[in-house]
Structure formats: structure tokens, C-alpha cells
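Written out below as C-alpha cells is the structure these notes cover.
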There are 2 protein chains.
Amino acid sequence: MQLLLTYDVVTTTPEGRRRLRRMAKLCEGYGHRVQKSVFEITCTDAELLTLLDAATRIIEVSDDSVRVYRLPSNGFATVHRLGVAEPAPHHDPLIL
Amino acid sequence: MQLLLTYDVVTTTPEGRRRLRRMAKLCEGYGHRVQKSVFEITCTDAELLTLLDAATRIIEVSDDSVRVYRLPSNGFATVHRLGVAEPAPHHDPLIL
């Protein structure tokens, strides 16, 4: 199935910035980064459960937010895009 | 139709921060903010064209990115959510 995963992580603390980097690293293992905090993911139901479990262990549930939307089968192909098409990574170095 | 709109706006300059505020304001007129740069939108094809046109006039196409995904008819109801459910607005005051 095709999914769109988006996240907000509060980065006002070093711990938050670490969570942000860990979320990015996790999601990069599952899909294609299309914006800083938006990933297109193709996976099975079982893989989604594994991803959600890992995300739950990374985020601070009282501060951060992760949302996963199921798209139609042609969902990635029919996106309307304005501006730059390339993914924009977070600027912090990746330290996990 | 149900849509998910996401944006990345480069905010390293005052102009970029102004674009970010204008994009947020535009999208708030069309839908529900679920994350800082993610909106759930229900609109017609004509309204989508108007929205895309307005967004094109706000963003800097060489720096920023807007993506609009069409969701299944039950797309908002079937989202997987982790962490905070409330929308997290940008912290800047809204000055247009």
C-alpha cells in the first residue's frame, strides 16, 4: 500500500533535535523523503506496524506528532507539486 | 474530495518567514491544520485550482515546495496518529 507519513517534532531542546534526526533516519529506511518532514512510503501492513512501533519509541507523545495517511493506489503519481521537487533534508548533521 | 496539503518553505530570510505565514494563512482558509505544515482540505476541483494558483503566487518556486495529495474518501478518518493530535501552529506572529 502507498502511505504518506508526516511528522512534527518539537526541536527547542537538544533531545527534540535528536528525536527529529532519529525520526528522519527511521523514515528514510521505509520510503522516499519528499519534504523535510514528509515521506512517501510503500509497505505492507506488517511493515507499517513495525514502523509505527519504532516511531512510538522515538517521539515524545506529549510534544510530537506523527500521522500516516493511506493513499489511493496511484497516490504518488497524482500529486500536485509546486516549487522544488527534490526532498529538503533537515540541516542538522545526522547523529543518532 | 479529500486532500492533504504539505509545504516546505525556506525560512532563513525575513521574506521566507513571510511566505511561510502567508502559506499558513492561505491554507487555513481551505482546511484543517493537523501539523505545522500539513493541512487536511475538503474542496472541489475548482477550489483546488484556485488554491494552487494562490500558492504559486506566494511561494518562491526555486526554494519552497507545496504538495497536494488526493486521499481516499475516508482518508481523514483512517489516519494513524501518534503523539499529540492537535495542530501545532508556527510560532511566529501572523503578519501579512
Side-chain angles (χ1 to χ4, degrees), chain A residues 1-12 19 23 26 32-41 43 45 48-49 51-91, chain B residues 1-12 19 23 26 32-41 43 45 48-49 51-91:
Chain A
M1 59 187 165
Q2 294 192 336
L3 305 170
L4 197 72
L5 184 151
T6 68
Y7 55 78
D8 262 351
V9 174
V10 174
T11 57
T12 50
R19 296 198 303 274
M23 272 302 301
L26 171 68
H32 176 59
R33 185 178 223 158
V34 293
Q35 289 180 347
K36 273 190 272 190
S37 300
V38 179
F39 287 76
E40 292 179 350
I41 291 171
C43 71
D45 284 325
L48 174 59
L49 289 177
L51 169 59
L52 291 172
D53 179 62
T56 301
R57 285 182 281 112
I58 290 173
I59 66 167
E60 181 63 56
V61 294
S62 61
D63 291 337
D64 307 331
S65 164
V66 175
R67 301 178 75 90
V68 183
Y69 292 87
R70 189 180 290 232
L71 300 182
S73 57
N74 62 344
F76 298 157
T78 59
V79 60
H80 293 273
R81 294 184 299 188
L82 305 176
V84 293
E86 291 303 304
H90 298 298
H91 297 296
Chain B
M1 59 186 165
Q2 294 192 336
L3 305 171
L4 197 72
L5 185 151
T6 68
Y7 56 77
D8 262 351
V9 175
V10 173
T11 58
T12 51
R19 296 198 304 273
M23 271 304 299
L26 172 69
H32 176 59
R33 185 179 221 157
V34 293
Q35 288 180 346
K36 272 190 273 189
S37 301
V38 180
F39 287 76
E40 292 179 350
I41 291 171
C43 70
D45 284 323
L48 173 59
L49 289 177
L51 170 58
L52 291 172
D53 180 61
T56 301
R57 284 181 282 112
I58 290 172
I59 66 167
E60 181 62 57
V61 295
S62 60
D63 291 337
D64 308 330
S65 164
V66 175
R67 302 178 74 89
V68 183
Y69 292 86
R70 189 179 289 232
L71 299 182
S73 57
N74 64 343
F76 297 157
T78 58
V79 60
H80 293 272
R81 294 183 300 187
L82 304 176
V84 293
E86 291 305 303
H90 296 298
H91 297 296

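Atom CZ of residue A:Arg67 and atom CD of residue B:Glu40 lie 5.0 Å apart, to the nearest 0.5 angstrom. The OG atom of B:Ser37 lies 8.0 Å from the NZ atom of A:Lys36; values are rounded to the nearest 0.5 Å.
Looking at A:Val38, only its side chain comes within 4.5 Å of chain B, counting heavy atoms on both sides. Neither the backbone nor the side chain of A:Gln2 comes within less than 4.5 Å of any heavy atom in chain B. For A:Asp63, the part lying under 4.5 angstrom from a heavy atom of chain B is the backbone only. Heavy-atom distances place both the backbone and the side chain of A:Thr6 under 4.5 Å from chain B. Contacts of B:Ile59 with chain A are made by side-chain atoms alone, with heavy-atom separations under 4.5 Å and no backbone atom involved.
Most heavy-atom pairs under 4.5 Å with chain A: of the set B:Leu52, B:Val66, B:Leu5, B:Val61, this distinction falls to B:Val66. Interface summary for chain B: among A:Thr78, A:Thr56, A:Leu4, the most heavy-atom pairs under 4.5 angstrom belong to A:Leu4.
Within the 4.5 Å cutoff, no side-chain heavy atoms of A:Asp64 are placed close to those of B:Val84.
Smallest separation of non-hydrogen atoms from A:His80 and B:Leu48: NE2-CD2, 3.6 Å. Residues A:Pro72 and B:Arg70 share a closest heavy-atom pair of CD-O, 3.1 Å.
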